[in-house]
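Read the numbers this way: they start at 1 and go in the same order the structure lists the ligands and their atoms. All values below were derived from every heavy atom in this structure, side-chain atoms included, with hydrogens, water molecules and symmetry-related copies excluded. For the single chain, residues carry numbers from 1 onward in sequence order. All of these numbers come straight from a predicted model, not from anything done at the bench.
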Amino acid sequence: MENLAFGWEEWVALPGLGLPAIKAKVDTGARTSALHAHDIETFGSAAHPKVRFNVHPIAGREDIVITCSAPLVDRREVTSSNGESEQRYVIETKLEVGGQSWPIEVTLTNRAGLTSRMLLGRQALNDHITISATERRLQPDLSYDVYHTAAVRKTAPKRALRIAVLSREDNYSTRRLVDVGEERGHTVEVIDTTRCYMAINAMAPEVHYDGKRLPRYDAVIPRIGASITPYGTAVIRQFETIGTYCVNGSAGITASRDKLHAHQVLASKKIGMPTTAFAASPKDTSNLMGLVGTAPLIVKLLESTQGKGVVLAETKKAAESVIDAFRGLKANFLVQDFVKEAAGEDIRCLVIAGKVVAAMKRTGADGDFRSNLHRGGSAKVVRISKEERDTALRAARAFGLGKAGVDLLRSESGPKVLEVNSSPGFEGIEKATGKDIVGKLYDEIEARVKPQPVRKRKGG
Ligand SMILES: Nc1ncnc2c1ncn2[C@@H]1O[C@H](COP(=O)(O)OP(=O)(O)OP(=O)(O)O)[C@@H](O)[C@H]1O
Ligand SMILES: [Mg+2]
Ligand SMILES: [Mg+2]
């Protein structure tokens, strides 16, 4: 390597950590280099331990945070210049300066006394470096401005993420989320939503599990079952309060789960859907049916999933008796125009981050108007029209969902949204379309956790 001259302070970059500019002090009294970090947490398996930490690259700018992660190489006792010793995590990363780069060992410490962001110890100062103790910044200047520009996002390395899947089930979808995440070098933990507990505290929101506070996750992937929506969304809200990126937000899950609420949201955004009405009082049954049109009509339990509470009433009389029966059971329901021309078929569009990544057509079992796969329906890949695509995207956006399964009926007057599912299963659609949908979800998560440029402060 070409010789480099260092003063007592130099601009350096640690590209492997996503730190394009940082001021480092040369400290020949120390063997290993040190980086000022906080929220230092280890994660990953015993065979491949990793460490996750936050760095404020600019002294005095606590609002600028870069989250880093790196494989852990060691944990060792380090004695600092003031004689105090502490156990520190050690990582290996590339130091870049003056157009050259070489690997160095870095210990992580959050000692408040450490005034510099970084100290360069002897191990990093190879033979090709000559130090002039009385001079400073002999190497080309870098600028903190990069943290205010899109470059900070572009140059951020792919780092190992710590991800939680909120799920109570060990099914295809959960397993795929774990497998694909781990293939990409992330650590994916499956957390049983109902076993999370929380202290609702304004100052220190946190989530506990198995007797411990849950760590900081880079992302939370909610797979909340319909039976635990209120509790599950409360857990997600807690993560949202901490500032964790949740692929689907609590508000969108809540609104899309409640069929009445969901239809109101869709209607307010002028998204096509079958004419729908609902009423609470038995006195209004015939007026209610009048609002929707003439028989045949669909009567749907609000809590229905897998098509279990969806009834097709061929005549007005049949509709009345179904409604009476539901009322007798104190069940909530809605009445909907039967889209006959859909002919027992619906289209499931899988939306991830504002894109329809796959679509399949589901066809009901012989003689069933319901196309649910759980009811014996079958699925195959389908090409959708631009109008169908736009409708699916708008429906997912209406609930602010990063991942959604939007179900459409093909009607004479264009696509009609039946429902928006916030925990769409991946098995049916991956098998029908051959697409790697879980991979696309991770593409989005990886892009979302990249650092955002921070606005410059006046005078700063
Ligand atoms: N208004 C309608 N007109 C025609 N067919 C309909 C209508 N509503 C529902 N269906 C059929 O019945 C199926 C089940 O209805 P829907 O999806 O609303 O119920 P669900 O029980 O919530 O099902 P899921 O398990 O998908 O959540 C639909 O996939 C569709 O094939
Ligand atoms: Mg449903
Ligand atoms: Mg459905």
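- Annotation for ligand 1: atoms under 4.0 Å from non-hydrogen atoms of Phe369 are 11 (C), 31 (O).
- Using modelled atom types, one side-chain atom of Asn248 and one backbone atom of Gly402 make a donor-acceptor pair closer than 3.5 Å.
- Taking only nitrogen or oxygen atoms, main chain and side chain alike, Lys259 reaches within less than 3.5 Å of ligand 1.
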Could you pull out all donor-acceptor pairs under 3.5 Å where a side-chain atom in residues 329-336 meets a protein atom, sequence neighbours excluded?
residue: Gln336; atom: OE1; partner: Lys300; partner atom: NZ; Å: 3.0
residue: Gln336; atom: NE2; partner: His263; partner atom: NE2; Å: 3.2
residue: Gln336; atom: NE2; partner: Thr276; partner atom: OG1; Å: 3.0

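- Using a distance-only test at 3.5 Å, with no hydrogens or angles considered, no donor-acceptor pair links the side chain of Asn372 to the main chain of His374.
- Remark: among candidates Leu409, Asp368, Val420, the nearest residue to atom 2 (C) of ligand 1 is Leu409, based on non-hydrogen atoms.
- Between Lys440 and Asp436 there is no salt bridge, since no side-chain N of the basic residue sits under 4.0 Å from a carboxylate O of the acidic one.
- A salt bridge links Arg61 to Asp63: one of the charged nitrogens lies within less than 4.0 Å of a carboxylate oxygen.
- Proximity to Asp346 (heavy-atom distance under 4.0 Å) selects the following atoms of ligand 1: 28 (C), 29 (O).
- In terms of N/O distances under 3.5 Å, ligand 1 is approached by Asp337.
- The pair Glu444-Lys403 fails the salt-bridge criterion, with no side-chain N (NZ, NE, NH1 or NH2) lying under 4.0 Å from an Asp/Glu carboxylate O.
- Residue pairs meeting the salt bridge (Lys or Arg N to Asp or Glu O under 4.0 Å) criterion with at least one member in residues 409-418, sequence neighbours excluded, are Glu388-Arg410.
- The side chain of Gln336, and not its backbone, has at least one atom closer than 4.0 Å to an atom of ligand 1 (non-hydrogen atoms only; side chain from C-beta on).
- Here Arg375 does not pair with Asp368 in a salt bridge; the nearest charged N to carboxylate O distance is not below 4.0 Å.
- Inclusion of Asn421 in the set of residues having an N or O under 3.5 Å from an N or O of ligand 1 is not warranted.
- Near Gln306, meaning under 4.0 Å from one of its heavy atoms, ligand 1 places the atoms 21 (O), 23 (O), 24 (P), 25 (O).
- Looking at Val339, Leu418, Val310 and measuring to atom 7 (C) of ligand 1, the nearest heavy atom belongs to Leu418.
- The shortest N or O to N or O distance between Gly307 and ligand 1 is under 3.5 Å.
- Of the candidates Lys308, Glu419, Lys300, Glu345, the one placing a heavy atom closest to atom 18 (O) of ligand 1 is Lys300.
- For Glu419, the N/O/S atom at the shortest distance from the Mg ion (ligand 3) is named OE2.
- Residues His56 and His38 bring their aromatic ring centres within 6.0 Å.
- Among the atoms of Asp346, no N, O or S atom falls under 2.8 Å of the Mg ion (ligand 3).
- Under 4.0 Å from ligand 1, not a single heavy atom of Ala342 appears.
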